[in-house]
S.K.: 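Below are the structure tokens for one structure; questions will follow.
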Amino acid sequence: MKQPTSISELKNHVGREVTLSGWIHHSRPGGKICFIVLRDGTGFCQLVVEKNEQTASFYDDIKRLSQESSLEVTGTVHADERATGGFEVRVTHANVIHAARDYPITPKSHGIDFLMRHRHLWFRSQRPWNVLRIRATVVDQIRRFFNDNGYVLIDTPIFAPAAGEGAQTLFKVDYFGDPVYLAQTGQLYLEAACMAHRKVYCFGPTFRAEKSKTRRHLTEFWMVEPEIAFASLDDVIAVAEDFVCSLVERVLRDHSDELTALGRDLSELEAIKKPFYRLRYDQCVELLHSSKARELLENDLVAKQARISELGAKIDELDTLVKSDAAQWKKDKAAGEVIELREDRVELQEQMGNIPHHIELAKNFEWGGDLGGSDETIISRLHDRPVFCTHYPKGVKAFYMRECRDDARVVENFDLLAPQGVGEIIGGSAREEDYDRLLARIEHEHLPQADYEWYLDLRRFGSVPHGGFGLGVERTVAWICGVKHIRETIPYPRMMGKFYP
RNA sequence: UCCCCGAUAGCUCAAUGGUAGAGCGAGCGGCUGUUAACCGCUAGGUUCUAGGUUCGAAUCCUAGUCGGGGAGCCA
């Protein structure tokens, strides 16, 4: 087969003849002219086939091809404003490779359940295509950032003994008769490795058996975890800050087209610059108790109520249009919008119902508790850049986190809250390097000391201050792309009760 | 585990106790600049399951199954 030209390279071939191979994304056949949007994996391009002497032999075959048929065409590239993407190919030769029939994903709207059950085909649609390209770049930038900054990749095991944080959130696997668990973090293993290589990271899938059904949860997701020796909490936070900035910069540099196609507000991403905000837990509590927090939510209530009225008016208006004798396509479009607006309205109503509860939660927040989802939302919405929340109470955090030497009630940890409601994308900490303190925490939490002997060894032999963090890839991609649900940010999402295809 | 909502044609949805419909998709025909094109015709249904109320149930009641959203928990 002759080497075809990529649609992404068409701009370099204007006026010349090219051969493209790909799939029919959309077809609008006419009696004597046929428009086809072809996708070849690198982009989308309009083909124009006119019925004339040159095309007579294949015109009727092409015209009848339906969505997702594969073909090879030859023609001349023209710049044309009427074509999506700005270029079109006027076809002179065509070779049908496979005529598809009854492709399930039509140009009209579909429910999320249907699309997820057809994930293997949904990849071909524009939105998943854009999102997964950005994911690939995020993953590449993750590796580059650490590889270029002197970190050594250490692959940590997927099968792990129970030793970890709570075993109740882990998937249990039968390992030749012994119970082992799918890893939910490689951190403890990394701590050992960073004493050998100084700066290390692991990157791979991680598993949580939490029975969560929300837009922020998957049972299998990807996490990158760096771990650094001779590092203080501030050092680790500085790395996290540079790291997140580099991810956003790279995606902005390479994917502004995809972001725009996804409807992402680029200015929000361009504003992601150092320094991010740093708030100690104490300050978070103060903020939650403050009039600013209450006003934010009260204003929210008013704004949402206004928005609901607005939606209601819009829905009525469109409903009138649907019942009128307007053109059918206008009515279809209006009906589609009505469905979307109704969904938005239901969501807003649910959010409104939660606000009084959130006001109470914030007002009555007591020192010592963990910050809940609504509390995080309040904190991140009161800031225009990502926020590091640090120094949480010891009681709500894991045993390995370093006790703050100035205030023994808290540990040296941090969470990074992304803006725009995605919530926590990073959790990290300085690790307790003092043998006696660590042992005391293990005993206090009633953890089986024998399982942690190897981990305690790290504090017996040349213990140094060290720390690290974990970044959730899917939440990060969701934030950068502006997609609401992280199930769209991983090729094959695994959720509670869902593992097909 | 808890709360709210839903399940009708391949898809998205209507039908407000009284003959199950529309658009898209599919098939056929028409149309020389379309952007979710448009026009005409055709095919397409065990209204999630099991009980119940009723002269009559897609519609009301009970239980279950599956799905969506949220809470908790988390990246």
Side-chain angles (χ1 to χ4, degrees), chain A residues 25-37 44 46-52 63-64 66-67 80-85 88 90 101-118 165-166 168-169 184-185 206-225 322-323 327-336 338-340 342-343 346-347 349-351 353-354 357-358 361 370-374 376 396 415-418 422-428 469-476 478-479 484-487 495-498:
Chain A
H25 183 63
H26 192 67
S27 174
R28 287 180 292 277
K32 288 180 180 151
I33 187 165
C34 175
F35 298 96
I36 289 170
V37 176
F44 295 79
Q46 173 160 287
L47 306 179
V48 184
V49 192
E50 285 188 50
K51 189 172 187 175
N52 55 34
K63 182 180 134 175
R64 259 190 280 278
S66 72
Q67 239 184 315
D80 194 308
E81 284 180 5
R82 293 171 294 189
T84 345
E88 65 183 26
R90 299 191 191 155
R101 287 178 56 100
D102 298 333
Y103 185 68
I105 302 178
T106 70
K108 294 282 166 129
S109 61
H110 299 279
I112 188 65
D113 185 49
F114 178 82
L115 291 172
M116 276 302 170
R117 274 187 290 110
H118 294 83
E165 302 167 46
Q168 72 281 3
T169 60
Q184 63 166 352
T185 171
T206 187
F207 306 88
R208 304 277 164 95
E210 287 150 7
K211 294 195 171 173
S212 292
K213 279 171 47 168
T214 80
R215 64 185 61 180
R216 295 190 308 279
H217 286 87
L218 297 168
T219 54
E220 177 184 299
F221 65 96
W222 283 63
M223 184 161 73
V224 58
E225 299 175 89
V322 169
K323 292 187 180 106
Q328 188 60 51
W329 72 271
K330 281 187 184 168
K331 293 201 278 186
D332 286 353
K333 198 173 165 190
V338 166
I339 291 162
E340 274 176 36
R342 282 193 183 137
E343 279 169 9
V346 168
E347 200 180 316
Q349 279 162 346
E350 180 151 6
Q351 287 172 5
N354 284 333
H357 180 53
H358 292 166
L361 280 178
D370 204 356
L371 296 172
S374 64
E376 290 181 349
V396 298
D415 284 351
L416 178 65
L417 306 183
V422 177
E424 189 181 341
I425 60 170
I426 285 182
F469 61 87
L471 171 128
V473 170
E474 289 74 20
R475 285 189 184 175
T476 303
W479 164 53
K484 277 190 190 163
H485 202 303
I486 62 170
R487 66 187 157 206
M495 292 173 288
M496 195 180 135
K498 283 200 158 198

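Because the structure is predicted, anything quoted here is derived from the model rather than measured. Both backbone and side-chain heavy atoms feed into the values below; hydrogens, waters and symmetry mates do not.
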S.K.: Nearest of B/G67, B/G25, B/U34 to any side-chain atom of A/R82?
M.R.: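 Nucleotide nearest to A/R82's side chain: B/U34.
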
S.K.: Report the C-alpha distance between A/F207 and A/T219 in whole Å, list the side-chain angles of each, state the deciding distance to 0.1 Å, and finish with yes or no for side-chain contact (heavy atoms from CB on, under 4.5 Å).
M.R.: CA-CA 6 Å; A/F207 306 88; A/T219 54; over 6 Å; no

S.K.: Roughly how many Å apart are B/U12 and B/G25, using the P atom of each and rounding to a whole number?
M.R.: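 Straight-line distance between the two P atoms is 15 Å.
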
S.K.: Report the base-pairing partner of B/G6 (Watson-Crick or G-U wobble, both distances below 3.5 angstrom), or none.
M.R.: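 Because both required distances fall under 3.5 Å, B/G6 counts as paired with B/C66.
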
S.K.: Without decimals, in angstroms, what is the distance between A/H485 NE2 and B/G67 P?
M.R.: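 For the pair A/H485 NE2 and B/G67 P, the rounded distance is 13 Å.
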
S.K.: Regarding B/G33, can its base be found pairing with the side chain of A/E81 as donor and acceptor, where the two atoms are less than 3.5 Å apart?
M.R.: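 Not at all, since no donor on one side and acceptor on the other fall under 3.5 Å apart.
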
S.K.: Roughly how far apart, to the nearest Å, are B/U1 and B/A43 at atom P?
M.R.: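 Going atom to atom, P in each nucleotide, I get 49 Å.
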
S.K.: Would you kindly give the NE2-to-P distance between A/H110 and B/G68, to the nearest whole Å?
M.R.: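 For the pair A/H110 NE2 and B/G68 P, the rounded distance is 17 Å.
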
S.K.: With heavy atoms under 4.0 Å as the rule, sort A/R64 into base, sugar-phosphate or nothing.
M.R.: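 Sugar-phosphate, backbone atoms only, no base.
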
S.K.: Counting only Watson-Crick or G-U wobble pairs whose two distances fall under 3.5 Å, which nucleotide matches B/G21?
M.R.: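 By the stated definition (distances under 3.5 Å), B/C13 pairs with B/G21.
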
S.K.: Please state the C1' separation for the pair B/G18 and B/A57 - nearest whole angstrom.
M.R.: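 Between the two C1' atoms, the distance is 10 Å.
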
S.K.: When rounded to the nearest Å, what value does the distance between P atoms of B/U46 and B/C11 take?
M.R.: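 Those two atoms are separated by 13 Å.
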
S.K.: By the 4.0 Å heavy-atom rule, please label A/G30 as base, sugar-phosphate, or nothing.
M.R.: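 Contact class for A/G30: base.
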
S.K.: What interatomic distance, in whole Å, is found between C1' of B/U59 and the corresponding atom of B/G40?
M.R.: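 Between the two C1' atoms, the distance is 35 Å.
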
S.K.: Across all strands, who's sitting opposite B/A26 as a Watson-Crick or G-U wobble pair, both distances under 3.5 Å?
M.R.: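 Result: B/U42.
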
S.K.: Report yes or no: does A/R208 contribute a side-chain atom to a donor-acceptor pair with the main-chain N or O of A/Q184 at less than 3.5 Å?
M.R.: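 Between the backbone of A/Q184 and the side chain of A/R208 there is a qualifying donor-acceptor contact (under 3.5 Å).
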
S.K.: Using a heavy-atom cut-off of under 4.0 Å over every strand shown, decide if A/D415 touches base, sugar-phosphate, or nothing.
M.R.: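 Since no nucleic acid heavy atom lies under 4.0 Å of A/D415, the category is nothing.
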
S.K.: Give the nucleotide from the list B/C24, B/A75, B/G72 with an atom nearest to the side chain of A/R475.
M.R.: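 So the nucleotide nearest the side chain must be B/A75.
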
S.K.: Within the 4.0 Å heavy-atom criterion, would you say A/G372 contacts the bases, only the backbone, or no part of the nucleic acid?
M.R.: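 No contact.
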
S.K.: At 4.0 Å (heavy atoms only), tell me whether A/T206 reaches a base, stays on the sugar-phosphate, or touches nothing.
M.R.: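 Touches nothing.
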
S.K.: Answer yes or no: is there a side-chain heavy-atom contact under 4.5 Å between A/V48 and A/R82?
M.R.: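 Not touching, per the 4.5 Å side-chain cut-off.
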
S.K.: Nearest to the side chain of A/R216, heavy atoms from C-beta on, is which of B/U32, B/C74, B/G25?
M.R.: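 So the nucleotide nearest the side chain must be B/C74.
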
S.K.: Let me know the distance between CG of A/D102 and P of B/G10, rounded to the nearest Å.
M.R.: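 Interatomic distance, CG of A/D102 to P of B/G10: 12 Å.
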
S.K.: Check the distance between B/A71's P and A/H358's NE2 and give it to me in whole angstrom.
M.R.: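 Atom NE2 in A/H358 sits about 6 Å away from atom P in B/A71.
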
S.K.: Pairing check on B/A71: which nucleotide meets the Watson-Crick or G-U wobble criteria with it, both distances under 3.5 Å?
M.R.: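 Here B/A71 is engaged in a pair, and the nucleotide opposite it is B/U1.
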
S.K.: Rounding to a whole Å, what distance do you find between A/L417:CG and B/C74:P?
M.R.: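 Between P of B/C74 and CG of A/L417: 14 Å.
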
S.K.: Which one, B/C31, B/C74, B/U32, comes nearest to the side chain of A/E50?
M.R.: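 Among the listed nucleotides, the one closest to the side chain of A/E50 is B/U32.
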
S.K.: Both distances under 3.5 Å, Watson-Crick or G-U wobble: report the partner of B/G56, or none.
M.R.: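 Across all strands, not a single nucleotide pairs with B/G56.
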
S.K.: Distance between the C1' atoms of B/U65 and B/U54, in whole angstroms?
M.R.: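 Straight-line distance between the two C1' atoms is 26 Å.
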
S.K.: From C-beta outward on A/K63, which listed nucleotide comes closest to its side chain: B/G30, B/G68, B/G27?
M.R.: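 My answer, after comparing the listed nucleotides, is B/G30.
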
S.K.: Determine the minimum heavy-atom distance between A/S374 and A/L361, stating which atoms define it.
M.R.: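 Scanning both residues, the minimum pair turns out to be OG-CD1, 3.7 Å.
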
S.K.: From the options B/G69, B/G72, B/U35, select the nucleotide whose nearest atom is closest to the side chain of A/R215.
M.R.: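 Nearest to the side-chain atoms of A/R215, counting from C-beta on, is B/G69.
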
S.K.: Counting side-chain heavy atoms from C-beta on, which of B/C74, B/U12, B/G33 comes nearest to A/F114?
M.R.: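 Selected nucleotide (nearest to the side chain): B/U12.
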
S.K.: Take atom CE of A/M223 and atom P of B/C74, then tell me their distance rounded to the nearest Å.
M.R.: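 A/M223 atom CE is separated from B/C74 atom P by 13 Å.
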
S.K.: Would you mind classifying the nucleic acid contact of A/L471 as base, sugar-phosphate or nothing, using non-hydrogen atoms under 4.0 angstrom?
M.R.: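 Nothing: the residue A/L471, judged by heavy atoms under 4.0 Å, touches no strand.
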
S.K.: With a 3.5 Å distance limit and no angle check, can you tell me whether A/R475 reaches the backbone of A/R216 through a side-chain donor-acceptor pair?
M.R.: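 It does hold such a pair.
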
S.K.: So does A/I105 get a backbone contact from the side chain of A/Q67, meaning a donor-acceptor N/O pair under 3.5 Å?
M.R.: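 At least one qualifying donor-acceptor pair exists.
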
S.K.: Side chain of A/R208 only, heavy atoms from C-beta on: which candidate in B/A75, B/G33, B/G72 is closest?
M.R.: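 When the side chain of A/R208 is considered, B/A75 is the closest of B/A75, B/G33, B/G72.
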
S.K.: So, does A/E474 use its side chain to make a donor-acceptor pair with the main chain of A/W222 at under 3.5 Å?
M.R.: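 Here the side-chain-to-backbone pair exists.
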
S.K.: A/R28 side chain: which of B/U35, B/G68, B/C11 is closest?
M.R.: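 Nearest to the side chain of A/R28 among the choices is B/U35.
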
S.K.: Using whole Å, what does the distance between atom C1' of nucleotide B/G33 and atom CD1 of A/I36 come to?
M.R.: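 So the two atoms are 14 Å apart, to the nearest Å.
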
S.K.: What heavy-atom pair brings A/M223 and A/V473 nearest, and what distance separates the two atoms?
M.R.: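 Nearest pair, atom of A/M223 first, then A/V473: N-CG2, 4.4 Å.
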
S.K.: Report the nucleotide, chosen from B/U34, B/G10, B/C74, that has the shortest atom-to-atom distance to any side-chain atom of A/F35.
M.R.: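 For A/F35, the side-chain atoms sit closest to B/U34.
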
S.K.: Taking NZ from A/K484 and C1' from B/G69, how many angstroms apart are they, rounded to a whole number?
M.R.: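 The answer, rounded to whole Å, is 11 Å.
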
S.K.: With sugar-phosphate meaning primed atoms plus P, OP1 and OP2, does A/E88 contact a base, only sugar-phosphate, or nothing at under 4.0 Å between heavy atoms?
M.R.: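 Answer is base: heavy atoms of A/E88 come under 4.0 Å of a base.
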
S.K.: Under 4.0 Å, heavy atoms only, any strand: does A/Q67 hit a base, just the sugar-phosphate, or nothing?
M.R.: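 The residue A/Q67 makes no contact with any strand.
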
S.K.: Decide yes or no, distance alone: a donor-acceptor N/O pair under 3.5 angstrom between the base of B/C74 and the side-chain of A/H217.
M.R.: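 Per atom types, the contact qualifies.
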
S.K.: Between A/R487 and B/G69, does any side-chain N or O lie under 4.0 Å from OP1 or OP2?
M.R.: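 For A/R487, the contact criterion (side-chain N or O under 4.0 Å from OP1 or OP2 of B/G69) is met.
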
S.K.: Decide, applying a 5.5 Å centre-distance limit and a 30° plane-angle limit (both strict), whether A/Y103 stacks on B/G25.
M.R.: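 No; by the centre-distance and plane-angle rule, A/Y103 does not count as stacking on B/G25.
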
